[in-house]
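Read through the structure below, which is laid out as structure tokens, and then see the notes.
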There are 2 protein chains.
Amino acid sequence: MQNNITMRDIASKLGVSSVTVSKALGDKEGVSEELKQKIKELAQEMGYRYNTAARTMKEGFSYNIGVVIADRYASRTQSFYLQFYQFLATTLEEEQYSGILHMLSEEDEEQLVLPRIYHDRKVDGFIILGQLSNAYIEAFANTEIPLVFLDFYTDQTELDYVITDNFYGMYEMTNYLISCGHRDIAFVGNVHSTSSIQDRFLGYYKSLLEHRIPLREEYIMNDRDKKGKFIDIAIPDKLPTAFVCNCDQVAYMLINTLRKQGIQVPEDCSVVGFDNDIYATLAEPGLTTVEVDRKEMAKAAVNKIVNKIRSTATSSGRVLVRGKMIYRQSVKSIL
Amino acid sequence: MQNNITMRDIASKLGVSSVTVSKALGDKEGVSEELKQKIKELAQEMGYRYNTAARTMKEGFSYNIGVVIADRYASRTQSFYLQFYQFLATTLEEEQYSGILHMLSEEDEEQLVLPRIYHDRKVDGFIILGQLSNAYIEAFANTEIPLVFLDFYTDQTELDYVITDNFYGMYEMTNYLISCGHRDIAFVGNVHSTSSIQDRFLGYYKSLLEHRIPLREEYIMNDRDKKGKFIDIAIPDKLPTAFVCNCDQVAYMLINTLRKQGIQVPEDCSVVGFDNDIYATLAEPGLTTVEVDRKEMAKAAVNKIVNKIRSTATSSGRVLVRGKMIYRQSVKSIL
DNA sequence: CTGAAAGCGCTTACAG
DNA sequence: CTGAAAGCGCTTACAG
């Protein structure tokens, strides 16, 4: 079956032209229903496989989408983005596209080397997963190949972004804590590290504002250095009644740190996370958190890139995908 | 820069033919060094991008490799194979190939539906990651498209496999335990579940045989049901001094189960795992384990598939990639 | 409803 | 060292 059957082969067997075969297999107009059936059956029988490359030559579209993930987002312990890619690959397939993963190395990012699949015209567009340097984004944007940024945004308004509604999610979470009677609520996260963390912080802050709870500087706790590497979390002298962590992993680490100091969660204080990743269930107790709806985000991103490829006239902007509150045992009502 | 520059465009600007441009950019013979340089420079300047599809039409090769992972191997908590894919994607890129991930659904596996990228001739071959049903493998093998199985093997000798040396790794690990004075050593894992587990078990058994330690039935403990779903592990009445677990996750769960029964690791008994995945470091104490060298395995698999594509005459067989012992705190010497 | 012709962008084999 | 011709397998626009 290692075949090289072409439309012409099918055509000559049936005594018709390859144009007719093309129309039949493509379900186009201009072939009698009867002949169409016969052609399809014979194609099946002969083990015909469509040659995408020929269509690519004609149309100029490869029906492949490049997905770029920076190396640093896919370490041995971090698979959030790899799972994201899984959703993208599946969703792309449903749209008749294929996903090609490109892991971006630090050197390439620094030296503004675009992926080889770009130079080879192997893809019609790119979905870029997670934050990259501004210079790299600019280099990419200059190519004018269709681009969608996923789980990240900057202030460059002419670009397209699909992000989780970090702001609203953390706002909702903080509201929930307040409804449980908490008023001394700390935020754990480096607000200068990523735009996600920043927005989550602002959602937390909005909730405080609405409830007229003052923002206290000692309740904004750093969790990572400039390079994004986690650091030891310094617990404030006066223990808050609840900690809002910028992500589950940090919540997980915080709970362990607290335990070592003899502080029990949720008895002595409550802790919440964000993402609903593996750390949310590994933590003891399980974390109340906000689930990032990666499936919906993947759908939105695929939808957007496909539209951009098909029509040049697309309004750019941010798509916010709503997350989902997940209630577990890490919060205690203190009413 | 949304360009459609072709070789012909470069050629006409320089007053040469597109054949010459093709030779120059492809570093082929038959163009003067001087002209070659000029062409390359102009190509760069004009933002020329090579059109892979045209080459594919000529050669019949897409320079894409499909990577198949069954849905069930990529759950929210399991990212072993996704990380594997990451290594594959990177290694493929080094070989001028691109990886296309295909998540295989249960329905498709059951109904023997081959990936769309197969029917579209989008890939030159497949790397299949993890175990699939025999029927599906057969359907795949019947197509005669080049195939390499990664991290799995069956008795079909005419196929190609790249696997970690499960047998030797567990043999080495059990030897280590015995050298630490252990003789009451249990094995945790369903030996009928996958070939990996079976081989790990046999490596354990070989070590026992060599040391004239009898294999005790009550020391072979089941960890999952027929469908591969984890079950509660029943601790034997007479506690062994060491548990050899078929993977880190099971070791992690075992340690938690033991702790709930008041049994401390490694004080009361030792526990070892296999894989060196996230559970090896999440466990307390950290697990002594065998690291699966996924990078080397990915290299071997890519190497093999590329060779198969380039030449039809390839000897099939198994490639065993040696794992690496990782020593942590979960083993106590009882000498 | 059916098909001859042209063309997508490259490479190979051959001629000069 | 350089290039004209043919061909890879399909689709589109047009003619019948």
Side-chain angles (χ1 to χ4, degrees), chain A residues 2-40 42-43 46-64 96 117-124 310, chain B residues 2-40 42-43 46-64 96 117-124 310:
Chain A
Q2 180 66 305
N3 63 51
N4 268 51
I5 312 291
T6 69
M7 288 188 180
R8 191 193 300 264
D9 296 330
I10 299 172
S12 59
K13 270 224 175 179
L14 247 34
V16 298
S17 82
S18 61
V19 175
T20 302
V21 174
S22 170
K23 283 173 183 161
L25 294 181
D27 267 325
K28 299 268 163 66
E29 304 252 291
V31 200
S32 68
E33 204 48 52
E34 206 188 329
L35 183 53
K36 194 183 270 189
Q37 277 313 315
K38 224 195 284 186
I39 289 172
K40 282 187 177 177
L42 184 60
M46 294 174 74
Y48 171 75
R49 292 193 289 149
Y50 185 83
N51 190 323
T52 305
R55 185 225 255 155
T56 299
M57 286 238 47
K58 262 302 231 186
E59 294 185 6
F61 295 124
S62 67
Y63 293 89
N64 293 141
Q96 319 275 54
I117 46 176
Y118 165 74
H119 290 106
D120 287 356
R121 290 180 194 259
K122 263 198 182 180
V123 295
D124 303 331
R310 291 198 182 134
Chain B
Q2 181 66 306
N3 64 51
N4 269 49
I5 312 293
T6 68
M7 287 189 181
R8 192 193 300 265
D9 296 331
I10 298 172
S12 60
K13 271 223 176 180
L14 246 35
V16 298
S17 82
S18 60
V19 175
T20 302
V21 174
S22 171
K23 284 172 183 161
L25 295 181
D27 266 326
K28 298 268 164 66
E29 303 254 291
V31 200
S32 67
E33 205 46 53
E34 204 187 329
L35 183 52
K36 193 184 270 188
Q37 278 312 318
K38 224 194 283 185
I39 289 172
K40 283 187 176 177
L42 184 59
M46 292 173 76
Y48 170 74
R49 291 194 289 149
Y50 185 83
N51 190 322
T52 305
R55 184 226 256 156
T56 299
M57 286 239 48
K58 263 299 231 186
E59 294 184 7
F61 295 123
S62 66
Y63 292 88
N64 292 141
Q96 319 275 53
I117 46 176
Y118 165 74
H119 290 107
D120 287 356
R121 289 180 196 259
K122 263 198 182 181
V123 295
D124 302 331
R310 292 198 182 135

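Quick note on labels: first sequence line is chain A, next is B, and so on, each numbered from 1. Scope of the values below: all heavy atoms of this structure, side chains included, with no hydrogens, waters or symmetry mates.
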Of the nucleotides D:dC1, C:dC10, D:dG3, which has the atom closest to the B:V16 side chain?
-> D:dG3
Closest heavy-atom pair, B:R55 versus B:Y50, reported as atoms and distance to 0.1 Å, is CB-OH, 3.2 Å
Between D:dG9 and A:T6, is there an OP1 or OP2 to side-chain N/O distance shorter than 4.0 Å?
-> no
Secondary structure of DNA chain D in dot-bracket form (Watson-Crick or G-U wobble, distances below 3.5 Å, | marking inter-strand pairs) = |||.||||||||.|||
Phosphate-side-chain proximity, B:T20 and D:dC1, N/O vs OP1/OP2 below 4.0 Å = no
Intermediate values then yes/no, side chain to side chain contact (heavy atoms under 4.5 Å, CB included), A:D27 and A:K36 = CA-CA 8 Å; A:D27 267 325; A:K36 194 183 270 189; 3.6 Å; yes
Rounded to the nearest Å, what distance is computed from the CZ atom of residue B:R49 to the P atom of nucleotide C:dC10?
-> 12 Å
If each of B:E29 and A:M57 is mapped to the nucleotide of DNA chain D with the nearest heavy atom, which maps nearer the 5' terminus, i.e. the 5' end?
-> B:E29
Gap between atoms CG and C1', on A:L14 and C:dC1 respectively (whole Å) = 15 Å
Interatomic distance where CD1 belongs to B:I39 and P belongs to C:dC10 [whole Å] | 13 Å
Starting at CE of A:M7, measure out to CD1 of A:I39 and round the result to the nearest 0.5 Å.
-> 9.5 Å
Which whole-number value in Å describes the distance from A:L35 CG to C:dC1 P?
-> 10 Å
OP1 or OP2 of D:dG9 sitting under 4.0 Å from any side-chain N/O of A:Y48?
-> no
Between NE2 of A:H119 and P of C:dG9 the distance, given in whole Å, is 19 Å
Once each nucleotide of nucleotides 11-16 of chain D is scored for protein heavy atoms under 4.0 Å, what B/S/- sequence comes out, 5' to 3'?
-> BB----
Are B:R49 and A:Y118 in a cation-pi setup, meaning NZ or CZ lies under 6.0 angstrom from the ring centre and within 45 degrees of the ring axis?
-> yes
Between the NZ atom in B:K23 and the OG atom in B:S17, the distance rounded to the nearest 0.5 Å is 7.0 Å
